[in-house]
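Below, chains carry the letters A, B, ... as their sequence lines are ordered, and counting in each starts from 1. This one's a predicted model, so the numbers in the text were calculated from it and none came from an experiment.
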Amino acid sequence: MRRRDFIYTSVLAGAALSTIGLSRNVLAGGEIPDLVAVRNGDPDIMFEKAIAELGGMKKFVRPNQRVVIKPNIGWDVSPERAANTNPRLVARIIKHCLDAGAKEVVVFDNTCDNWKKCYSNSLIEKYVNEAGGKMVPGNSEGYYQSVKIPAGSRIKDAKVHELILDSDVFINVPILKSHGGARLTVSMKNLMGIVWDRGYWHRNDLHTCIAEFSTFRKPDLNIVDAWNVMQRNGPRGLSEADTVMMKSLLISRDMVTADTAAAKLLGFEAADVRYIEEAAKLGVGRKDLEKLNIRKIML
Amino acid sequence: MKKPGLRQYRSFAALIFFIFAFAAFIVTDETISPLLADIFKYSQIIPLVITVSTGFTLFSLIAILLILLMTIIFGRVYCSVLCPFGILQDILGRIRKKKIKYRARRVKIIIPTLLVALLIFSVLIKENIALVFLDPFSNFGRIISGVFLTLISNSVNLTAGSGIMNRLIIVEPMTGRELSFMFIYGTVTLGFLYYFVGKNGRLFCNYLCPAGAALAFVSKFSKFRVSIDQHSCIGCGACEKFCKSGCIDTKQKQIDNSQCVLCFNCIDICPSESIKYSTSITTKNIPAPDESRRNFLFSAALFGINLSPEQFRLAGIDTLRSKIPVYREFAVCPPGSVSYDNFLEKCTACQLCVSACPTGVLDASFSDYGFQNIFKPRLDFAKSYCNFDCVLCSEICPTGAIMPIRDEVKKLTRLGKAVLIEKNCVVFTDKKDCGACAEHCPTKAVRMVDKDGLRVPALDNRYCIGCGACEHACPTKPYKSIYVDGLIRHESAEKLKEEKIRHIQTDDFPF
């Protein structure tokens with residue numbers, strides 16, 4: 001009896017210790033950072049570093065869960081144009097989700113250009129399939145379910161892709177770009193790709209709609225691809241001349257934080273972008289970067 | 001079991017060809033569509049005649065000569081295995097379970113003469129309205145594209161509903177095709193065809209088809225032909241009842257080979273095996289024709305109702321509504337079609353490009369080019385816009401109405417010019433940012449510029465190619481704030497060139 005008790009307690013203690021070990025961030029004094037920013041690496045490598053700082057993908061994905069990844073796949077252009085999220089980054093995220101035990105990882109976008117061409121020319125389809133994820137169409141209204149936006153004033157309801165509603169984990173993977181109308185597109189603007197009727201947003205105060213819709217479902221993770229950044233003529237861009245190699249990546253659980261930091265990368269302040277201001281006021285997240293715990297990594 | 005004979009072989013070959021033809025009007029694929037289209041570009045008489053007469057190409061001429069050669073040797077094989085509209089009629093005849101009994105019809109020589117004259121006349125005066133309605137391939141295309149593609153795509157898209165991940169196979173939704181006037185027109189045509197096929201067999205092929213008429217003259221002299229052995233024939237009349245061309249006269253034991261479409265039903269049914277397909281030549285004079293019954297009711301099927309005007313689709317709970325109606329002077333014709341002159345002269349409205357268009361922006365027109373050009377496709381920006389990186393329609397057009405155009409050229413070919421209506425635009429009326437037009441514009445002819453703390457659209461038509469992305473994306477209702485007016489002759493657009501953007505690299509993060 002004694003012997004068995006002893007083993008029992010040792011196992012428990014061991015388990016407890018290893019749990020603490022995993023969350024060394026907590027022990028190291030800093031809580032989990034609000035924002036991790038990495039520079040000077042390839043998109044997939046920067047992601048590896050950043051997710052490790054957050055305690056690994058296991059913190060966000062539990063075994064047997066379904067993960068939905070929403071990159072920006074809006075345009076029928078090649079990856080060099082930086083109009084769509086980097087395919088290597090998407091593939092690496094999928095790998096981490098599967099390693100964490102995810103049952104399946106699905107990827108979709110409600111594209112602007114013809115969806116099949118976007119999926120294939122962005123190379124995202126190819127990389128997703130190779131990484132073991134699954135591309136799902138987003139181009140039929142039948143996939144979209146009506147939801148209420150309680151905090152909404154201009155946008156009171158929207159039709160949202162059922163994968164967002166049915167999945168356990170939602171990972172938002174925008175690419176940072178300039179945007180003709182909204183000035184820039186990052187995390188919150190990327191959510192326009194999970195709804196059906198974008199036209200309504202455009203004609204009913206785009207900024208307010210973006211901010212109000214952000215109250216609906218906060219992604220579990222926002223991974224901002226700022227490796228190659230379209231600095232003008234966004235979001236479609238005219239040529240590769242519009243892009244700048246920034247070699248950066250941001251991760252945050254807070255869309256407002258991610259977007260505020262991303263705006264600064266493009267030379268904007270949160271105050272320049274009305275939807276960031278409005279979202280912060282609605283309590284979607286925090287834009288006061290100076291008060292947040294930011295982990296900066298230079299590779 | 002009976003050994004398969006000529007009739008079975010012919011049915012098999014025809015069915016295979018029909019499947020390809022059907023697929024050509026259903027499939028949208030950058031690789032497969034042009035391959036399928038090539039089969040028909042070089043096998044269909046009316047498109048070939050148009051290609052040869054307007055933009056002479058060697059391959060098309062060779063193809064026509066081969067068809068004529070084939071006809072002079074074997075008879076109207078074209079009508080029996082190479083014409084999808086003819087095969088469609090045979091299939092409809094099969095579907096009609098009722099025992100069909102046909103009767104001999106002697107076609108007066110004046111009918112094929114008039115039809116061939118009409119064909120030549122149409123080509124000479126460059127006005128092809130008659131061919132639009134009489135070309136079998138285009139009729140076939142309008143039925144398959146208008147009826148079957150609409151049904152198939154809508155059925156497929158119905159399955160694209162909730163519970164996506166619980167399905168074994170995720171069916172890819174197809175480009176949406178609406179229940180437009182083409183669906184009604186196609187259904188009515190199909191209905192008429194079904195009725196007349198059951199009653200009179202291949203009536204169309206001998207009374208209305210200009211290709212059939214031309215071949216009728218050639219097949220008069222064909223080497224191989226179906227003939228009745230005068231001695232062994234018991235005169236039972238079975239062959240006449242099964243002859244869908246009505247070309248067998250059992251009293252005289254004569255077959256009019258100019259009318260025969262080589263279905264070989266007669267050979268299959270003949271109890272005394274007296275009908276042969278061989279080189280034997282009958283020398284007897286063809287007797288005087290019966291009173292011919294002309295059924296021109298078919299043309300009644302040519303009327304349709306337009307059920308898809310833009311305004312039917314508009315609904316919403318928007319706070320603002322645009323006030324200035326859009327008046328488009330000219331419809332936009334597809335890239336590669338060069339001009340109204342070229343396009344309208346050659347297009348027989350077969351709808352092959354409409355079926356293949358990946359975005360679905362191409363659709364049959366009603367009165368956009370005038371009623372005399374009904375069914376000829378134009379770009380419908382309410383449905384979609386012309387994809388910047390796509391020239392599929394120009395690769396498949398069988399008549400050269402849409403001529404091949406290289407990708408780089410297409411990207412600088414102006415089909416129309418954008419027009420901005422500021423009084424409709426929410427940026428001006430609501431003082432709120434939008435940017436949908438500039439967002440979609442692939443050439444940055446329209447871009448957003450700073451003005452009074454807003455981002456307002458600015459249009460520079462030097463770069464506009466008229467793809468309609470801005471018009472399609474523009475969210476204002478009921479009237480768009482930016483639209484594309486077509487050009488009757490396409491122009492060259494300028495390419496906006498900008499310096500590579502410079503970025504001041506800092507060592508630290510800006511936060």
Q. Between the side chain of A:Ser178 and the main-chain N/O of A:Gly234, is any donor-acceptor distance below 3.5 Å?
A. yes
Q. Taking NZ, NE, NH1 and NH2 as the nitrogens, is one of them in A:Lys117 or B:Asp389 under 4.0 Å from a carboxylate oxygen of the other?
A. no
Q) What is the distance from atom CG of B:Asp450 to atom CZ of B:Arg455, rounded to the nearest 0.5 Å? A) 4.5 Å
(Q) Given heavy-atom pairs under 4.5 angstrom as the criterion, report whether the side chain, backbone, both or neither of B:Leu454 touches chain A. (A) backbone
Q.
Would you compute the distance between atom CD1 of B:Ile482 and atom SG of B:Cys441 and round it to the nearest 0.5 angstrom?
A. 8.0 Å
(Q) I'd like to know if A:Arg232 pairs up with B:Glu498 as an ion pair, taking the criterion as any Lys NZ or Arg NE/NH1/NH2 lying under 4.0 Å from an Asp or Glu carboxylate oxygen. (A) yes
**Q.** Which of A:Asn233, A:Leu289, A:Asp76 touches chain B most, by non-hydrogen pairs under 4.5 Å
**A.** A:Asn233
Q. By a 4.5 Å heavy-atom criterion (distance strictly below it), what part of B:Asn424 contacts chain A: side chain, backbone, both, or neither?
A. neither
Q.
If I measure from the heavy atoms of chain B, does A:Arg198 come under 4.5 Å with its side chain, its backbone, both, or neither?
A. neither
Q: Let me know if A:Trp201 has heavy atoms under 4.5 Å from chain B in its side chain, its backbone, both or neither.
A: neither
Q.
Determine whether a donor-acceptor pair (N or O, by modelled atom type, separation under 3.5 Å) exists between the side chain of A:Thr185 and the backbone of A:Lys177.
A. no
Q.
Can you tell me which of A:Glu104, A:Glu162, A:Arg66, A:Glu141 forms the most heavy-atom pairs within a distance under 4.5 Å of chain B?
A. A:Glu162
(Q) Less than 4.5 Å to any heavy atom of chain B: does that hold for the side chain of A:Gln231, its backbone, both, or neither? (A) both
Q.
Less than 4.5 Å to any heavy atom of chain B: does that hold for the side chain of A:Leu250, its backbone, both, or neither?
A. side chain
Q) For B:Ala436, is it the side chain, the backbone, both or neither that has a heavy atom under 4.5 Å from a heavy atom of chain A? A) both
Q. Between B:Cys390, B:Pro442, B:Ala438, which residue shows the highest count of heavy-atom pairs closer than 4.5 Å to chain A?
A. B:Pro442
Q. Taking B:Pro334 as the fixed residue, which of B:Ile405, B:Leu379, B:Val391 is the one that meets the side chain to side chain contact (heavy atoms under 4.5 Å, CB included) rule?
A. B:Leu379
Q.
So for A:Glu240, is it side chain, backbone, both, or neither that comes closer than 4.5 Å to the heavy atoms of chain B?
A. backbone
(Q) I'd like to verify something: which residue of A:Leu238, A:Thr260, A:Val106, A:Asn121 has the highest number of heavy-atom pairs under 4.5 Å with chain B? (A) A:Leu238
**Q.** Contacting moiety of A:His202, where chain B heavy atoms sit under 4.5 Å
**A.** both
Q | Interface moiety of A:Glu290 toward chain B, non-hydrogen atoms closer than 4.5 Å | A | neither
(Q) Can you confirm if the NZ or CZ of A:Lys70 lies within 45° of the ring axis of A:Phe170 and under 6.0 Å from the centre of its six-membered ring? (A) no
Q. Side chain, backbone, both or neither: which part of A:Thr243 has a heavy atom under 4.5 Å from chain B?
A. both
Q: Examine whether an atom of A:Val77 lies under 4.5 Å from a heavy atom of chain B, and if so say whether it belongs to the side chain, the backbone or both; otherwise answer neither.
A: neither
Q) Measuring heavy-atom distances to chain A, does B:Cys474 have an atom under 4.5 Å in its side chain, in its backbone, in both, or in neither? A) neither
Q: Could you have a look at B:Arg447, B:Lys444, B:Met448 and say which one has the most heavy-atom pairs with chain A under 4.5 angstrom?
A: B:Lys444
Q) Taking the six-membered ring for Trp, are A:Trp196 and A:Tyr144 parallel (under 30°), tilted (30 to 60°) or perpendicular (over 60°)? A) tilted
Q.
Quick check for you: among B:His440, B:Glu499, B:Arg502, B:Lys497, which has the greatest number of heavy-atom pairs under 4.5 Å with chain A?
A. B:His440
Q.
What verdict does the side-chain contact (heavy atoms from CB on, under 4.5 Å) test give for A:Arg39 and A:Met298, after you've listed the backbone C-alpha separation in whole Å, the side-chain angles of each residue and the deciding distance to 0.1 Å?
A. CA-CA 5 Å; A:Arg39 261 184 94 155; A:Met298 290 289 206; 3.6 Å; yes
Q: Taking only Lys NZ, Arg NE, NH1 and NH2, and the carboxylate oxygens of Asp or Glu, determine whether A:Arg236 and A:Asp113 approach each other closer than 4.0 Å.
A: yes
Q) Hey, which of A:His207, A:Arg274, A:His179, A:Arg183 is the one that makes side chain to side chain donor-acceptor pair (under 3.5 Å) with B:Asp433? A) A:His207
**Q.** Most contacts with chain A, counted as non-hydrogen pairs under 4.5 angstrom, among B:Asn387, B:Thr429, B:Val427, B:Val426
**A.** B:Asn387
Q. Using a cut-off of under 4.5 Å for heavy-atom pairs, which of A:Asp205, A:Asn114, A:Leu206, A:Ile294 has the most such pairs with chain B?
A. A:Asp205
Q: Would you mind checking which part of A:Val38 comes under 4.5 Å of any heavy atom in chain B, side chain (CB onward), backbone (N, CA, C, O), both or neither?
A: backbone
Q: Return yes if a side-chain donor-acceptor contact under 3.5 Å exists between A:Glu80 and A:Ser78, otherwise no.
A: yes
Q: Under 4.5 Å heavy-atom distance to chain B, tell me which part of A:Leu265 shows up: side chain, backbone, both or neither.
A: both
Q.
Quick check for you: to the nearest 0.5 Å, what is the distance between A:Asp259 atom CG and A:Leu184 atom CG?
A. 7.0 Å
Q: Sort B:Glu30 into side chain, backbone, both or neither according to what part of it lies under 4.5 angstrom from a heavy atom of chain A.
A: side chain
Q) In terms of heavy-atom pairs under 4.5 Å, which option from B:Gly435, B:Cys425, B:Cys434, B:Ser322 contacts chain A the most? A) B:Cys434
Q | Positive for side chain to side chain contact (heavy atoms under 4.5 Å, CB included) with B:Glu408, one of B:Arg406, B:Lys411, B:Lys410 | A | B:Arg406
